[in-house]
Each structure stands twice: as structure tokens, then as C-alpha cells.
> 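Have a look at this one before I ask anything.
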Amino acid sequence: MTEKVFTKEEWLGTLETLKESYKLFGPVKDGDFHTFMPLDGNKKPDFDYENTRLSPKSVIYPESERMFEYSLDESEEDAHILKESPKDYSPCAVLGIRPCDAQAFQIVKRNFDNPEYQDPWWTQHFEATTLVGLGCNAPCATCFCTQVGGGPFHEAGLDVLLFDLGDRFLAKGITEKGDALLEKTAGNPADDAALAAAEALKQPARDKITATVPTDQLKDKVTNELFDAPFWEEVAFACLNCGTCTYLCPTCWCFDIQDEVQGNQGDRIRNWDSCMFPLFSLHGSGHNPRADKFQRVRQRFMHKLKYYVDKYQNGVQCSGCGRCVRYCPVNIDIRNVCKLMNDFA
Amino acid sequence: MLKYTEKIRETAKRLLAEKKVDVFIGYRKGTVPMMNEPLLVNHPDKVDPLYWDNFCGLNLCNYLTKRTDKIGIIANGCNSRNIVTHIIENQIKRDQLYIVGIPCEGMIDHRAVVRAVKFKEILGVHQNGAEFTVKGHDFEETFEKNKFLQSNCAVCTHRNPVIYDEMLGDPVDEQTDVNPYSDVEKIEAMDPEKKQGFFTRLISRCIRCYACRNACPLCYCPTCFVDESTPQWVGKSVDPTDTMTFHFLRAYHCAGRCTDCGACERVCPMGISMRQFTKKLNKDTRELFSWEAGLDPEKRPPLDVYRPDDYNDFIK
Ligand code: SF4
Ligand code: SF4
Ligand code: SF4
Ligand code: SF4
């Protein structure tokens, strides 16, 4: 396990070296918000940030990804044959990812990479990626990672964890992948003062998270009773069925597959989809099993807080990042809905 | 503004108790600063969460579409104009509604507040008259409300409800010295290439979540053209052409109907000013047809009438 310290300038400097081995992504100030962007050209990462508005899930799971290409030109021998589109699996590293967002990849992994099913593109992108986390010295009021199995300095899911010590960063390798990345960096071996300072950050940060979001009863609820609970209409009233909560969420994974054809050339693309959209569940027959708004809202919460819990026996499908709480335009707060579900008798 | 909260609760309680309405639609105070949640109350004992402040920038008319019950609803200027448009377009009947009017002094632009405190986390916002105070972990700052209005509110000329059954306060003075279209004029003056560049940049961050469409009371089509799949009119990936198609077409569908309530912009998670599209069409309908949407339930909107004796030459 490698532990190194860098002054902040050294850290930024060493990123230039890392660019030789990795395609780097980092939080870049983009208008009013930060966004994870490829650090190419003169894009500078800014590690003095709370969290990005869009989660970094797109690094591994792009909003639109070309899966296959095909030709409709009958004169060609391989007309109508799907051929996999070339993809870039060269090593990349996400710098400054928050522990909740790294944990989110673990949550999503149970869906995209399990014994029954392996999504070829998600898994390969994931394997090519090294996650360099940045612990949260000052979690936001909307954060609740500690309530869902994580924490401001939670290591699981990360390859490296950075501690912001004010004028320096302490980098701690967590996995072999992480150590391999740190080997390519400058920096000095961590001194005792740095290690102690890093340790001292943990508890105060945890204490800043005051939300209580109990999830302990969810697994014992009878699915159909929760499904028929009387509160769904009320929970859903204000919802606009926009896709904001699902698109911003690091643990939402649903996609839609579309063919786009221009002339004789076709692409098969997968795009993020959202259970909030009526089209999401529209059958070819025209029937829609979730035709009403409240059914779609119920689906989002039932999936995250009940179906996932039962299927994978590994907690909820939420890493407590708080994005949906902050950005839902009508303030539907998952922390309150989770309480309603957990307390439902 | 806060003074209305008590009045709203009393009124809702009375209307529900007297069975004048089956339900009452208003706001509840949000769980995060500067965010309020639209709320439906169906019993006189449940009116206490009702709340009103300068962050009620959504459009409650959105929640009326095709309801069949008798509804009490809060309406400020723009919301009342959308209610009128809803009545004209047969989305709700006038006699189903009990409209509780609130003279409006403008909603605060929450994004501008976040910028003003340099993106530090805001833990609470308190209003006191013409000022409001923002608190965070290690700061407290007071601002003048009028400098932080949503951009549509800053140029609004219909702050008082245009239709109501009861008013909760005295009418406010309407603004007369504002030019609502100075931003549109700037775009109009650009050459086509510059315009193209401007619009491309404007929507470059759009993630096609459709929050703007869904927050808009005008966008009540059972299936939006972007959601049609047989046939499919618009591609679903984040291709800029498809995104542009969505924005242009939606704006055209709102021509002569949009009240510039600002709900679309308020809800966009990416902070996109898509009102730049709808405003141009508002300006056009004003210049070509002397029309402003939602002022009179008895008048048909310009784009759904044909008159052989139309005074406009270009239409003949
Ligand atoms: S819960 Fe909020 S963010 Fe999610 S679809 Fe509904 S209105 Fe949009
Ligand atoms: S459900 Fe909300 S809080 Fe949970 S991971 Fe998704 S965006 Fe974050
Ligand atoms: S709300 Fe914003 S991001 Fe979503 S579709 Fe509209 S403009 Fe695009
Ligand atoms: S287009 Fe935007 S400003 Fe116009 S009525 Fe709809 S939500 Fe309001």
C-alpha cells in the first residue's frame, strides 16, 4: 500500500506525467458548476469543489454510446450484419471522484457485472478505469452517505484516496490498480504528521452528516404491501416526471436502444433512459403498464429502496450523494420517501 | 410576501371546510433552501404545511391539466395567465376553479443567489421585506431582493392576477418602464452564422431530460413529439441536431401561448436559458398580432383563428 504526499503544485505537476499513461478526467469548473471532463488541452482540474452536478458515471457509461454499426446497402456482402463499433478502452483515471460516487460504481456493478450477465462495454470501461478519490472534509447538508453504508472517507470502490490537508494532498493507494498509478507519480513518502492529519479529518467530517435515513426495515417489508402503500399519490403529486433525478444519479443505470440510420449507414446506439418517462415502459401493443405519473415515481423509489435490496442483498441502490435532493426542481426528497417506506407498517 | 402564508392557510381551510373545493393546490416549504414543493391538500386539517415566499417560481397551473374535481389554486400574475390559457384550450373549466389571487413582486433567482455567495453552500435563506439574508457555515450576507429577481420577473408587466375569485392582498404597481425583449433584440441583430453559434452554445449542455417541457403548463400533449416512436420524429441520442430540433419545435408549439412565467428555466438542471427561444415568439406574436397570452378567457389566440377580414396583410 503506497502512501505519498504532494504539495498541491506537485500534485498538479505530476498529473502532466500521468497523462502519458492515462486519459485523465477531473472536475473542471464549467459555468456555475463542476463537471468531470477529459483533462486534455489546457483544461485544469479544480479540486476545491463540493461535488459535480452530473455524476461521473458517464466516464464508464456514456449518455449515448454507439454499440454497433451496419450497412443497409444490399450490394455489400455484409449488409444488415451488426458489427461492433470501435471503442476506446485505453487506461483512464478519474481524479477527485467523491467516495459516494465511487461506491455508486460498486452498486451499479452488481447489475452490469454479475455471474448471470456481464455487460461487455460497461465492464471493459470499468476495468480500464482507475478511481482516484478525494475525501470530503466538508460534506454538504444534502449528503447522507453514512446512512447508506458509505462515508466521507469511505475507501471501498476507490483505487486511491486523497486527503486534502490544506497545503498538501496525502494519497493512499487502496488497490493494486491504485498503487500502480501512484508509482508513476512524483511525491514523497508520507510522513507521520501527514498520516495523523489525514486520520484527524475523518470523524469531524462524519459528524457533519446529520441526516438520518433509516433503511434497516426495508428488506422485511412485504413488497406488494409497500407497492400498494397509500402514500404514493401524495409523494408523486408535485413530480414533473422530468428525468433530472435519474440522469444526475450515479446509481441509475437504465438505457434504451435506438437505431439511427443515415442513407445506407446505420448505428445502434444506447442512450440513458429514465423510468420517469412514459416511453420507458410503453409496450409495442400500445399498452403502458406505468401510464400514470405516480406509478413511475413509485417505480423509481421501489427499485432503489426495495427491489434492489431484495435482489442483491447488499443495501440500497443509492449512495447518498444527495444530487436528486438538491436538483429535483420540485423538491421531492428521497430521504423523506425512504423514511416513509422504512416506517411503513 | 411571507405574510401571505397565513392568509393562504386560512383561505384553504375555509374553502375546504365549506366544501367550495375538493382540493387546494399551493406550495409547501422545501427541505433544501430556495426550493418549495407544490402541494395538494384535500382536508381542512391538513392546511398547515401550505407556504408562500419568493421561491415559488414553478407554475401551479401545470397541476390542473384534465383534473375533474373542484380545485382551489393559488395564482400570481403569470400563473393566472396560464390558467386563462388552460381554460381557452379546454384543459380545465372555469367553474371547476376557485382562484386565490396573489399580487406578485417577483420570484428570486436561486442560481443568482448561489453565484452571489460564490458557490458556498447555503444552509438557510430568510426574507425580511425588500431584503433577504443568506446563511452558510461561516458566512451571512444580506441582499436586496429586487437585484435578484428571476429574469422573467424583472421584466414582468402583469404581476397582478388577471383572473381570480378572491385576492389575498392589494394589487401591486405594474412595471411600465421595462423592455422585456432587449435580450431578443440582441439576438435578432446577429447575422445567421452568429445566431447559429449562439443557439448551439446556448443548448450545448442540454441532457434532454425534458424538465423544461414537463414544468411548462403548455406542454400537456398526451405524447410529446420527441416521445413519439411510431413514427419517430427526433433522434434520442445527444446529437446536437436532435437537441436543437427539440428546442425549436417546442418553442414553436408555445407561440402565442407562453406567458414567460420562467418555470422552464427555473427547473433546468443544467441552467439553460431556453426562454431565449420562446421569448422571440412572444415578441413576434406581440408585434404581428398585438397579442399577449392569457389575458382574456373570451379571446381566441392568434394561431387558432382565421378571419377573412384579418387586418394583417401578410396572412391573406
Ligand atoms: S422526482 Fe423530481 S427530479 Fe425526479 S422526475 Fe420527479 S420532478 Fe423530476
Ligand atoms: S438516488 Fe439521489 S442521493 Fe441516491 S445516489 Fe441517486 S442521486 Fe444520489
Ligand atoms: S430542462 Fe434543460 S437539460 Fe433538460 S431538456 Fe430542458 S434544456 Fe435540456
Ligand atoms: S415556455 Fe417556459 S416561460 Fe413559457 S409558459 Fe412554458 S414554462 Fe412558462
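Values below: every heavy atom of this structure, side chains too, minus hydrogens, waters and symmetry copies.
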> With a 4.5 angstrom heavy-atom cut-off, which part of Asn271(A) approaches chain B: side chain, backbone, both or neither?
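The answer is the side chain of Asn271(A).
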> Heavy atoms, side chains only, cut-off 4.5 Å: are Pro278(A) and Thr223(B) in contact?
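A side-chain contact is absent here, since even the closest heavy-atom pair is not under 4.5 Å.
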> What part of Asp273(A) gets within 4.5 angstrom of chain B, counting heavy atoms only: side chain, backbone, both, or neither?
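When you check distances to chain B, no heavy atom of Asp273(A) falls under 4.5 Å.
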> Let me see the working for Asp30(A) and Arg205(B) under side chain to side chain contact (heavy atoms under 4.5 Å, CB included), right down to the final yes or no.
CA-CA 10 Å; Asp30(A) 175 30; Arg205(B) 290 198 193 106; 2.8 Å; yes
> Heavy-atom count around Lys118(B) NZ within 6.0 Å, excluding the residue itself: above 12?
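Open.
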> Return the SG to CG distance between Cys209(B) and Asn241(A), rounded to the nearest 0.5 Å.
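Interatomic distance, Cys209(B) SG to Asn241(A) CG, rounded to 0.5 Å: 12.0 Å.
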> Count the heavy-atom pairs under 4.5 Å between each of Cys239(A), Gly31(A), Cys328(A), Ser64(A) and chain B, then report the option with the highest count.
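Of the options given, most contacts go to Ser64(A).
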> Counting only heavy atoms closer than 4.5 Å, note whether Leu58(B) contacts chain A via side chain, backbone, both or neither.
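Interface part for Leu58(B): side chain.
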> Any idea which of Leu39(B), Leu60(B), Leu40(B), Val32(B) has the most non-hydrogen atom pairs under 4.5 angstrom with chain A?
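Sorted descending by pairs with chain A, the first entry is Leu40(B).
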> Counting C-beta onward and ignoring hydrogens, is there a side-chain heavy-atom pair between Ser237(B) and Glu260(A) closer than 4.5 Å?
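Side chain of Ser237(B) against side chain of Glu260(A), heavy atoms only: contact under 4.5 Å found.
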> Can you say whether Phe277(A) sits under 4.5 Å from chain B via the side chain, the backbone, both, or neither, judging by heavy atoms?
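When you check distances to chain B, only side chain atoms of Phe277(A) fall under 4.5 Å.
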> Please confirm whether the backbone N or O of Pro269(B) pairs with a side-chain atom of Thr244(A), one donor and one acceptor, at under 3.5 Å?
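No, Thr244(A) side chain to Pro269(B) backbone: no donor-acceptor pair under 3.5 Å.
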> Could you walk me through whether Tyr210(B) and Met276(A) pass the side chain to side chain contact (heavy atoms under 4.5 Å, CB included) check?
CA-CA 11 Å; Tyr210(B) 303 134; Met276(A) 292 296 166; over 6 Å; no
> Counting only heavy atoms closer than 4.5 Å, note whether Glu228(B) contacts chain A via side chain, backbone, both or neither.
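Interface part for Glu228(B): neither.
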> Heavy-atom pairs under 4.5 Å with chain A are the metric here; pick the option from Val267(B), Asn42(B), Thr230(B) that has the most.
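Most pairs with chain A among the choices: Val267(B).
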> Quick check on the interface: out of Val238(B), Asp227(B), Asp239(B), who has the most heavy-atom pairs with chain A under 4.5 Å?
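With the most close heavy-atom pairs to chain A, the winner is Val238(B).
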> Are there more than 12 heavy atoms of other residues, nucleotides or ligands under 6.0 Å from atom CZ of Arg66(A)?
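Open.
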> Please classify the contact between Asn62(B) and chain A as side chain, backbone, both or neither, with a heavy-atom cut-off of under 4.5 Å.
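Interface part for Asn62(B): side chain.
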> Looking at Asp48(A), I want to see if its CG is surrounded by more than 12 non-hydrogen atoms of other residues, nucleotides or ligands under 6.0 Å.
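Count not over threshold, so no.
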> Can you tell which part of Leu123(B) gets under 4.5 Å to a heavy atom of chain A, answering side chain, backbone, both or neither?
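Leu123(B) touches chain A through side-chain heavy atoms alone.
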> Asp256(A) vs Lys236(B), test: salt bridge (Lys or Arg N to Asp or Glu O under 4.0 Å). Steps then yes/no.
CA-CA 9 Å; Asp256(A) 178 34; Lys236(B) 304 244 186 270; over 6 Å; no
> Look at Ile332(A), Leu279(A), Leu248(A), Thr142(A) and state which one has the largest set of heavy-atom pairs under 4.5 Å with chain B.
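Looking at each option in turn, the highest pair count goes to Leu279(A).
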> Side chains of Tyr247(A) and Met270(B): closer than 4.5 Å at any heavy-atom pair?
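They are not in side-chain contact.
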> Counting C-beta onward and ignoring hydrogens, is there a side-chain heavy-atom pair between Phe237(A) and Ile25(B) closer than 4.5 Å?
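Yes - at least one pair of side-chain heavy atoms lies under 4.5 Å apart.
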> Is atom CD of Glu234(A) surrounded by more than 12 heavy atoms (other residues, nucleotides or ligands) closer than 6.0 Å?
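At most 12 heavy atoms, drawn from other residues, nucleotides or ligands, come within 6.0 Å of this atom.
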> Do you see a donor-acceptor pair shorter than 3.5 Å between the side chains of Asp333(A) and Thr31(B)?
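Indeed, the side chains of Asp333(A) and Thr31(B) share at least one donor-acceptor pair under 3.5 Å.
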> I need the minimum non-hydrogen distance between Cys242(A) and Asn214(B), along with the two atoms involved.
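The pair with the smallest heavy-atom distance is N-ND2, 3.5 Å.
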> Is Arg335(A) in contact with chain B via its backbone, its side chain, both, or neither, using a 4.5 Å heavy-atom distance?
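For Arg335(A), the contact with chain B is made by the side chain alone.
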> Heavy-atom distance under 4.5 Å to chain A: side chain of Arg266(B), backbone, both or neither?
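Answer is neither: Arg266(B) stays 4.5 Å or more from chain A.
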> Nearest 0.5 Å, please: how far is SG in Cys140(A) from CD1 in Ile122(B)?
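Going from CD1 on Ile122(B) over to SG on Cys140(A), the span is 11.5 Å.
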> Look at the side chain of Tyr63(B) and the backbone N and O of Ala238(A), then say whether any donor-acceptor pair between them is shorter than 3.5 Å.
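Such a contact is found between Tyr63(B) side chain and Ala238(A) backbone.
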> Supply the atom-to-atom distance Phe119(B) CZ to Tyr49(A) OH, rounded to the nearest 0.5 angstrom.
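Taking CZ in Phe119(B) and OH in Tyr49(A), the distance rounds to 15.5 Å.
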> Counting heavy atoms not belonging to Lys43(A), are there more than 12 under 6.0 Å from its NZ?
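Yes, NZ of Lys43(A) has more than 12 neighbouring heavy atoms, counting only those of other groups under 6.0 Å.
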> Rounded to the nearest 0.5 Å, how far apart are CE of Met35(B) and CZ of Arg326(A)?
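Between atom CE of Met35(B) and atom CZ of Arg326(A) there are 10.0 Å.
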> Let me know if Lys293(A) has heavy atoms under 4.5 Å from chain B in its side chain, its backbone, both or neither.
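Contact with chain B is through the side chain of Lys293(A) alone.
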> Are Arg115(B) and Asp32(A) ion-paired here, with the side-chain N under 4.0 Å from a carboxylate O?
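Answer for the salt bridge query: yes.
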